[in-house]
Trainee: 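There's a structure below that I have some questions on.
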Protein chains: 2
Amino acid sequence: MAQKVKLSTIAETLGVSTATVSLALRDSPLVALSTRDRIKEQARALGYIYNRRAASLRTSRSGIIGVVVHDIMNPFYGEILKAIESELDRDRQTFILSNHYDSVEKQRNFVETLLQLGGDGVIMSPAIGTPPEDILLAEDNGMPAILIARSIEGLDVPIFRGDDSYGISLATNHLIGLGHRVIAMVGGTDQTSTGRDRYQGYVNALRKANIEVDPALRIPGPRSKQGGFEAAVNFLSLPQKPTAAVCWNDLVAIGLMNGIARAGLIPGRDVSVTGYDDLEEASIATPSLTTVWNGQSEVGRSAARALLDKLSGSHEPDGIHLIKPEMRIRQSTGPLRHSGHDNGN
Amino acid sequence: MAQKVKLSTIAETLGVSTATVSLALRDSPLVALSTRDRIKEQARALGYIYNRRAASLRTSRSGIIGVVVHDIMNPFYGEILKAIESELDRDRQTFILSNHYDSVEKQRNFVETLLQLGGDGVIMSPAIGTPPEDILLAEDNGMPAILIARSIEGLDVPIFRGDDSYGISLATNHLIGLGHRVIAMVGGTDQTSTGRDRYQGYVNALRKANIEVDPALRIPGPRSKQGGFEAAVNFLSLPQKPTAAVCWNDLVAIGLMNGIARAGLIPGRDVSVTGYDDLEEASIATPSLTTVWNGQSEVGRSAARALLDKLSGSHEPDGIHLIKPEMRIRQSTGPLRHSGHDNGN
DNA sequence: AGTACAATTTAAATCGTTTATTTAAACTAT
DNA sequence: ATAGTTTAAATAAACGATTTAAATTGTACT
């Protein structure tokens, strides 16, 4: 590798000062247009590469934004990330992505690393059990945080997420409207705000329809396709013989449908299943999945926008921003058939 | 935010020099153990945060490694990324992830950004049409590159990938062994090395079994679940009435099976379908998918390892590293039934 | 007491930018 | 011409760490 080209290399070969070069490359009107052109041309010719760490050392803006979620391979987060990416790209910000897999420690390491790199801000879907201090660590060191998808108690940081309680009640009401009375809830956990909200929404909808809430109809845990698949056994052997399932998300729903199909029943006919999120996949599943659109792209876009606005000082975001979910009715739900799924028993 | 704590803050409050503090925090034997302890304690007490950009300005090692692939939401890359992540984590390297969506320009921007940030190295699955110069840009500026999954002609950079030609011939042979003679190939593109290799493997296997290769049986294009789903229509209306499909990857296969099911046929019985990659999802699909394990975790792990070794100077990797794929037989393939999929016509 | 040696600590240069302040040159207006 | 403006470029001081040569201190031995 040839000697590294830096501002001073350009300056020397052109017989000007580094200050002039620095200003010229950033198109400052302080340097004459003709000089600017000469300098830019030379920079290109020499293959100059801007050294951001040197610059940010001086300016204390790195152009780096961190994003940490449970699992970037999970399509739910994937859709959010895609929206964040396109919003940040537009502002020419570099973003550093990480999974925390719900490990508070991994998450803290990430925030720490980001601080070391001089990150300008961070967007996070906090790990289960995140103590407020871990978020404050960022804020206190001048790196504003925005939360997505999950809240943290006792913390005043802007958050963007879907209205889970309302959303799940949409799904539940849809099933009730189809005549179902024994409706299970499959997946999720009480350890996240999202989990509690969704269960609450399910309970509320049942109550409002005067259906007794049977805690045994809840199968907590699954959050993945694999989990939903495995939960099918459990679901099919519930003594109350549910005719429908409100699932934690689309992945669980698809997994559950696969499990149900594997047992010889036809999802959408013998058992109605709703998902949550409306992933791309929902519409091509077999049967296509009735689900609730959870505004992933909206969450990602507006969280990123909020952070950028805060950084540029143009607007200070705060409080909770709830995106209104919407029902998407497809083939995985249908009217109650009186045989139920136990083959006429 | 309180005044920023830096080395000199610690030095002053303790009455030592910044040199001592710097050395102490990195556990240099040059500084007395007692002093080291005092300094570390103070650093903790003051909430000191190491400034990596300042340090790397001096040391020219940033601890940043870039990874760019087609689409991180694609589970195939997801599994590779997971392996890379865990390997880099072990070495406490930060990794910056990006999609290029097969845009050469987006990919070049990423490399450029990485250079600006002082990235130590980059792992890439190059975008379609990547000119060798774009890789050399990295190498020439002291940032070694390692390729994964896809090759680039005329470039001497280490690469790790599955043996596509061999792998796809495994799948093809499996179908031939089951009695199938009219076997379509669904998905993929000639624009990547992978695409050409896989088609070649399919052709070779057919030839070796003395089956005539009919170009019309190739449905190029699809690489996603959605794509496979849509290709079903096309597949089912081929005049040669194929009884089996070798798919580009698991996603296409699953999509295709969904499409086939939607048309009233039963995949695994009426039409045999093979996937490629052996994603987690393959085993829970309905029917479970016969596929070829493509060594994603192995590719990711060894590519990361190779880069780290190169950076540490302990070993210089080079050449092509082919991972041997393995057959995974499940329920989506079965013996040829003489009715074919056209309902006895 | 003087010397040698090891164990600690420090001063100062350096990494590649940015930016406030100066200087120099070129115009303007009297 | 001269003082006053504008415009253009240069100087030099940061930013926050690392690193090496040099200085300081302490110990041991003759």
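Just so it is clear: chains get the letters A, B, ... in the order the sequence lines come, proteins before strands, and each one is counted from 1.
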Trainee: Counting heavy atoms from C-beta on, name the nucleotide in D/dA9, C/dG16, C/dT10 closest to the side chain of A/Thr20.
Mentor: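 Selected nucleotide (nearest to the side chain): D/dA9.
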Trainee: Whole Å only: how far is the CD atom of B/Glu12 from the P atom of C/dA11?
Mentor: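 Computing the B/Glu12:CD to C/dA11:P distance gives 12 Å.
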Trainee: Return the residues of residues 44-60 of chain A meeting this criterion: a heavy atom under 4.0 Å from some atom of DNA chain D. Order them by number, or give none.
Mentor: A/Leu57, A/Arg58
Trainee: Output the residues of residues 27-39 of chain B in contact with DNA chain C, where contact means a heavy atom of the residue under 4.0 Å from an atom of the strand; sort by number or write none.
Mentor: B/Leu30, B/Val31, B/Ala32, B/Thr35
Trainee: The test is side-chain contact (heavy atoms from CB on, under 4.5 Å); show your working for A/Thr9 and A/Tyr48 and say whether it passes.
Mentor: CA-CA 9 Å; A/Thr9 317; A/Tyr48 168 70; over 6 Å; no
Trainee: Which is true for B/Gly118 with a 4.0 Å heavy-atom rule: it touches a base, it touches only sugar-phosphate, or it touches nothing?
Mentor: nothing
Trainee: Between A/Thr59 (side chain only) and A/Ala55 (backbone N and O only), is there a donor and an acceptor less than 3.5 Å apart?
Mentor: yes
Trainee: We want to know whether B/Thr192 and B/Arg150 form a side-chain donor-acceptor pair, criterion being a heavy-atom distance below 3.5 angstrom.
Mentor: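 No, because no side-chain N or O of B/Thr192 sits under 3.5 Å from a partner of the opposite role on B/Arg150.
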Trainee: Nearest to the side chain of A/Ser22, which nucleotide is it out of C/dT10, D/dA10, C/dT18?
Mentor: C/dT18
Trainee: Decide whether A/Ser193 and A/Arg161 meet the rule of one side-chain donor and one side-chain acceptor closer than 3.5 Å.
Mentor: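 Looking only at side-chain atoms, A/Arg161 and A/Ser193 do not form any donor-acceptor pair under 3.5 Å.
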Trainee: Under 3.5 Å, is there a donor-acceptor pair linking the side chains of B/Arg26 and B/Ser22?
Mentor: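 The criterion, which ignores hydrogens and geometry beyond distance, is satisfied for B/Ser22 and B/Arg26.
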Trainee: Could you check whether any side-chain heavy atom of A/Pro317 comes within less than 4.5 Å of a side-chain heavy atom of A/Asp309, counting everything from C-beta outward?
Mentor: no
